[in-house]
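Everything below concerns the one structure shown next.
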Protein chains: 2
Amino acid sequence: MEDEPRLISYQNLLMRYVSNDPGLVAKDNDELSETLHAQGIPPDDLVAMHINALKRTTHLDPKTLRAFEFLTRMMSGYGKEYREHQALKNRQK
Amino acid sequence: MEDEPRLISYQNLLMRYVSNDPGLVAKDNDELSETLHAQGIPPDDLVAMHINALKRTTHLDPKTLRAFEFLTRMMSGYGKEYREHQALKNRQK
């Protein structure tokens, strides 16, 4: 689903973003977002990575975790769609 | 971006899910997920709807909101991809 260096990059940028790091510029976020695309990470895996990054850095109460679980379920169909789209695009190349 | 009845449906199901409502079955979640697809809601709009539903029902501290803002930014490119995929599929019909 995800590899450790990617999760660490995501986690670091997320923490800098949350703490309003003045050294963080919009370009940094855009670059990570583009990298995730380039690596073909589906949107449900992105949500899973977001939750993992939060779990490592923040205390999440059971209700928050449960709400995230709901979002992951709602997003799972989009992951399927995303994989289908990648396959379609590859066929058109 | 979203209409009120859809947000209310989402919010109701989310709250039932979070509170472990024993009357809620997997089918209910699957149906909502399928409806969102059928209506062509992109994944970034789904995250936005999730945040709106949480805002209405839960106290979200500034850090949690900021972390969600980050996820929304990361997801925005997926929304673009999703719209592109819908267009591709429509052309192939």
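Lettering follows sequence order; numbering is per chain, from 1. It should be emphasised that the depicted structure is a prediction, and the values quoted were computed from it without experimental measurement.
With a threshold of 4.5 angstrom between heavy atoms, B:Asn20 approaches chain A through its backbone and through its side chain. Both the backbone and the side chain of A:Leu14 come within less than 4.5 Å of a heavy atom of chain B. Interface remark: A:Leu13 contributes backbone and side-chain atoms alike to the contact with chain B (heavy atom separation under 4.5 Å). With a 4.5 angstrom heavy-atom cutoff, B:Tyr78 touches chain A via backbone and side-chain atoms both. Using a 4.5 Å cut-off between heavy atoms, B:Leu36 touches chain A through backbone and side chain atoms alike. Heavy atoms of A:Pro42 lying under 4.5 Å from chain B belong exclusively to its backbone. Residue B:Gln92 touches chain A through its side chain alone, counting heavy-atom pairs closer than 4.5 Å. In this structure, chain A has a heavy atom under 4.5 Å from the side chain of B:Gln86, while its backbone stays farther away.
The aromatic rings of A:Tyr10 and B:Phe70 stand perpendicular to each other, their planes meeting at an angle above 60°, with 30° marking the opposite boundary.
Residue B:Tyr82 is not grouped with residue A:Leu88 when hydrophobic side chains (ILVMFWY) are merged at heavy-atom distances under 4.5 angstrom, including chains of intermediate members. Under the 4.5 Å side-chain heavy-atom criterion for Ile, Leu, Val, Met, Phe, Trp and Tyr, A:Leu65 and B:Leu65 are members of the same hydrophobic cluster. Tracing side-chain contacts under 4.5 Å through hydrophobic residues (I, L, V, M, F, W, Y), one reaches B:Leu24 starting from B:Leu32; they form part of the same cluster.
Side-chain N or O atoms of A:Arg66 include none that pairs as donor or acceptor with a backbone N or O of B:Ser19 at under 3.5 Å.
Summarising the geometry of B:Ala67 relative to A:Leu54, their closest heavy-atom pair is CB-CD2, 4.1 Å, with the distance given to 0.1 Å.
A 4.5 Å side-chain heavy-atom check between A:Leu71 and B:Leu46 finds at least one atom pair inside the cut-off. Counting only heavy atoms from C-beta outward, the side chains of B:Met74 and A:Met49 never approach each other to under 4.5 Å. Within the 4.5 Å cutoff, the side chain of A:Glu69 has heavy atoms near those of the B:Tyr17 side chain. Contact annotation: the side chain of B:Met75 approaches that of A:Val47 to within less than 4.5 Å [non-hydrogen atoms, C-beta and beyond].
Comparing A:Glu84, A:His85, A:Met15 by heavy-atom pairs within less than 4.5 Å of chain B, the highest count is held by A:His85. Counting heavy-atom pairs closer than 4.5 Å to chain A, the top-ranked of the candidates B:His37, B:Glu34, B:Lys63 is B:His37.
Annotation: the span from B:Ser76 atom OG to A:Asp30 atom CG amounts to 8.0 Å, rounded to 0.5 Å.
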